[in-house]
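Input: a single structure, listed below in C-alpha cells.
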Amino acid sequence: MSKKPLILVTNDDGITAPGVRALIDVMKELGDVVVVAPDSPQSGMGHAITINSTLFVEKVTVDKGEQEEYSCSGTPADCVKLAVKQILKRRPDLCVSGINHGSNSSINVIYSGTMSAALEAGIEGIPAIGFSLLDYNWNANFEHSKPFVKDIVQNALKNGIPNGVVLNVNIPNLDQKDIKGIKVCRQAKANWEEEFDKRKNPQGRDYYWLTGKFVNLDNGEDTDEWALEKGYVSVVPVQFDLTAHHAMQHLNSWKLND
C-alpha cells in the first residue's frame with residue numbers, strides 16, 4: 001500500500017483548465033492524486049450545491065499520468081462531496097482547489113467556486129487550500145506559481161492546518177524572480193461597486209449585464225491586497241464558522257423573549 005499522502009484536486013474553471021493541470025503537475029510530485037472537477041466552468045458559483053437535478057460523474061483521461069480523474073456535472077462543492085462520499089477509497093490527507101484563473105483575494109472569497117470547494121473539504125474535516133493566480137487569461141502562465149504552490153503544500157502536509165481553517169492563497173501575476181516571498185495576511189476590507197447595464201434584445205425585452213469596479217477600502221499593511229500589490233504571495237486563513245462572536249454581547253442586551 002502506498003505511503004504517499006492522498007491529495008484530492010478540484011477547481012471551478014473546469015477539468016481541462018490550464019490552472020488545474022498545473023496544480024495536478026505539482027501535486028503528483030507530493031502524493032497520490034485523484035481529480036474530481038467540474039465538466040464545465042463554474043466560476044462565481046460560491047457554495048452552490050445541486051439539489052433539484054441529477055448529478056453525473058465520468059472517469060476521464062485528460063492528460064497522461066498516474067492520477068485518477070473524474071469529470072462531474074455539478075458545482076465545485078458537489079465535486080468535493082461526491083469525491084469524499086462516493087469516489088475515494090480512503091479519506092484524503094489534503095484537498096487543493098485551483099489554480100484559479102483570477103483573483104480570489106478579499107471579498108472575492110465569498111463568491112469563489114474555487115474557495116467554496118476548499119471550504120467544503122474543510123467542513124468534512126479535510127485540510128484544504130485554495131490557490132488563485134491574478135491572471136484571468138485562459139492561457140495564463142502558471143509555471144511561475146508552481147514553486148510557491150509546492151512550498152505551501154509541503155508545509156501544510158508536514159505541519160498541518162488548524163481545525164476549522166482553510167487557506168486562501170493568491171499569487172501575483174509576476175515572473176518567479178520578481179515575487180518577493182510569501183506573507184500570511186488578513187482579508188482586506190474591499191468590495192465591488194456594481195452596476196447593471198440595462199439593454200434590450202431584438203424582441204424588445206430588457207436584459208442586464210453586471211459590471212463594476214473593485215474598490216479597496218483598507219489601508220492596512222497586513223492585508224492580502226497590500227501583499228499582492230507589493231509582489232508577495234498572500235496566504236489568508238479563513239473559516240467556515242460565520243458566527244460574529246463580537247456581536248453576541250450586544251445582541252444579548254436586547255429584550256428578547258426567552
How far does [atom1] of [X] sit from [atom2] of [Y], to the nearest 0.5 angstrom?
{"X": "N11", "Y": "C79", "atom1": "CG", "atom2": "SG", "result": "8.0 Å"}
{"X": "R90", "Y": "D32", "atom1": "CZ", "atom2": "CG", "result": "6.5 Å"}
{"X": "F148", "Y": "I179", "atom1": "CZ", "atom2": "CD1", "result": "4.0 Å"}
{"X": "I129", "Y": "S97", "atom1": "CD1", "atom2": "OG", "result": "11.0 Å"}
{"X": "L228", "Y": "L134", "atom1": "CG", "atom2": "CG", "result": "5.5 Å"}

Donor-acceptor contact present, side-chain [X] to main-chain [Y], <3.5 Å:
{"X": "T75", "Y": "A48", "value": "yes"}
{"X": "D93", "Y": "P5", "value": "no"}
{"X": "D178", "Y": "L174", "value": "no"}
{"X": "H101", "Y": "N137", "value": "yes"}
{"X": "S103", "Y": "S105", "value": "yes"}
{"X": "K189", "Y": "N216", "value": "no"}
{"X": "S116", "Y": "G46", "value": "yes"}

Using 4.0 Å as the upper bound for N to carboxylate O, is an ion pair formed by K183 and D224?
-> no
Is any NZ, NE, NH1 or NH2 atom of the basic residue among K28 and E66 found under 4.0 Å from an Asp or Glu carboxylate oxygen of the other?
-> no
Walk me through it: do D206 and R199 pass the test salt bridge (Lys or Arg N to Asp or Glu O under 4.0 Å)?
-> CA-CA 6 Å; D206 292 338; R199 306 179 186 180; over 6 Å; no
Audit row: V35, I24, side chain to side chain contact (heavy atoms under 4.5 Å, CB included) steps and yes/no | CA-CA 8 Å; V35 184; I24 293 166; 3.6 Å; yes
Evaluation steps, side chain to side chain contact (heavy atoms under 4.5 Å, CB included), between H250 and W254 = CA-CA 7 Å; H250 171 74; W254 292 7; 3.3 Å; yes
[X] and [Y]: which non-hydrogen atoms are nearest, and at how many Å?
{"X": "P76", "Y": "T10", "value": "O-OG1, 4.5 Å"}
{"X": "V20", "Y": "G14", "value": "CG1-O, 3.8 Å"}
{"X": "G31", "Y": "K4", "value": "CA-CB, 4.0 Å"}
{"X": "I126", "Y": "C95", "value": "CG2-N, 3.9 Å"}
{"X": "G98", "Y": "L23", "value": "O-CD2, 3.3 Å"}
{"X": "I99", "Y": "D13", "value": "O-OD2, 4.2 Å"}

With a distance cut-off below 6.0 Å to the six-membered ring centre and an angular limit of 45° from the axis, does K198 pair with Y208 as a cation-pi contact?
-> no
Test salt bridge (Lys or Arg N to Asp or Glu O under 4.0 Å) applied to K150 and E29, step by step | CA-CA 9 Å; K150 186 174 182 179; E29 299 177 23; 2.8 Å; yes
Hey, is CG on N163 packed in by over 12 heavy atoms from elsewhere, all under 6.0 Å?
-> no
Step through the shown structure and confirm whether more than 12 heavy atoms of other residues, nucleotides or ligands are within 6.0 Å of CD on Q176.
-> yes
Would you say [X] and [Y] make side-chain contact, with heavy atoms under 4.5 Å?
{"X": "W192", "Y": "V215", "result": "no"}
{"X": "V169", "Y": "S132", "result": "no"}
{"X": "P18", "Y": "F142", "result": "yes"}
{"X": "D218", "Y": "R186", "result": "yes"}
{"X": "E195", "Y": "W209", "result": "no"}
{"X": "I15", "Y": "Y70", "result": "no"}
{"X": "M115", "Y": "V166", "result": "yes"}
{"X": "V235", "Y": "N168", "result": "no"}

Dump the intermediate steps for side chain to side chain contact (heavy atoms under 4.5 Å, CB included) on L30 and L94, then the final yes or no.
-> CA-CA 11 Å; L30 303 176; L94 181 71; over 6 Å; no
Report the C-alpha separation of S106 and Q187 in whole Å, then their side-chain angles, then the decisive distance to 0.1 Å, and conclude whether the side chain to side chain donor-acceptor pair (under 3.5 Å) test is met.
-> CA-CA 5 Å; S106 64; Q187 179 179 316; over 6 Å; no
Output, in order, the C-alpha distance, side-chain angles, deciding distance and verdict of side chain to side chain donor-acceptor pair (under 3.5 Å) for T50 and D78.
-> CA-CA 7 Å; T50 302; D78 288 330; 2.5 Å; yes
Find out if a path of hydrophobic residues (ILVMFWY) with successive side-chain heavy-atom gaps under 4.5 Å connects L88 to F56.
-> no
Show your reasoning for whether side chain to side chain donor-acceptor pair (under 3.5 Å) applies to S71 and E58.
-> CA-CA 5 Å; S71 174; E58 180 182 3; 5.6 Å; no
Run the salt bridge (Lys or Arg N to Asp or Glu O under 4.0 Å) check on E124 and K85 step by step: do they pass?
-> CA-CA 10 Å; E124 292 285 344; K85 303 298 184 183; 3.6 Å; yes
Does the gap between the ring centers of Y111 and H47 come in under 6.0 Å?
-> no
Report the C-alpha separation of R21 and E69 in whole Å, then their side-chain angles, then the decisive distance to 0.1 Å, and conclude whether the salt bridge (Lys or Arg N to Asp or Glu O under 4.0 Å) test is met.
-> CA-CA 11 Å; R21 308 322 301 178; E69 300 196 46; 2.7 Å; yes
Geometric class of the Y232/W226 ring pair [parallel <30°, tilted 30-60°, perpendicular >60°] = parallel
Could you please spell out the steps behind the side chain to side chain contact (heavy atoms under 4.5 Å, CB included) verdict for V153 and M27?
-> CA-CA 8 Å; V153 169; M27 293 306 104; 3.6 Å; yes
Taking it one step at a time, do N155 and N159 satisfy side chain to side chain donor-acceptor pair (under 3.5 Å)?
-> CA-CA 6 Å; N155 270 278; N159 302 309; 3.2 Å; yes
Check each of D135, T114, N108 against N100 using the side-chain contact (heavy atoms from CB on, under 4.5 Å) test, and report the only one that passes.
-> T114
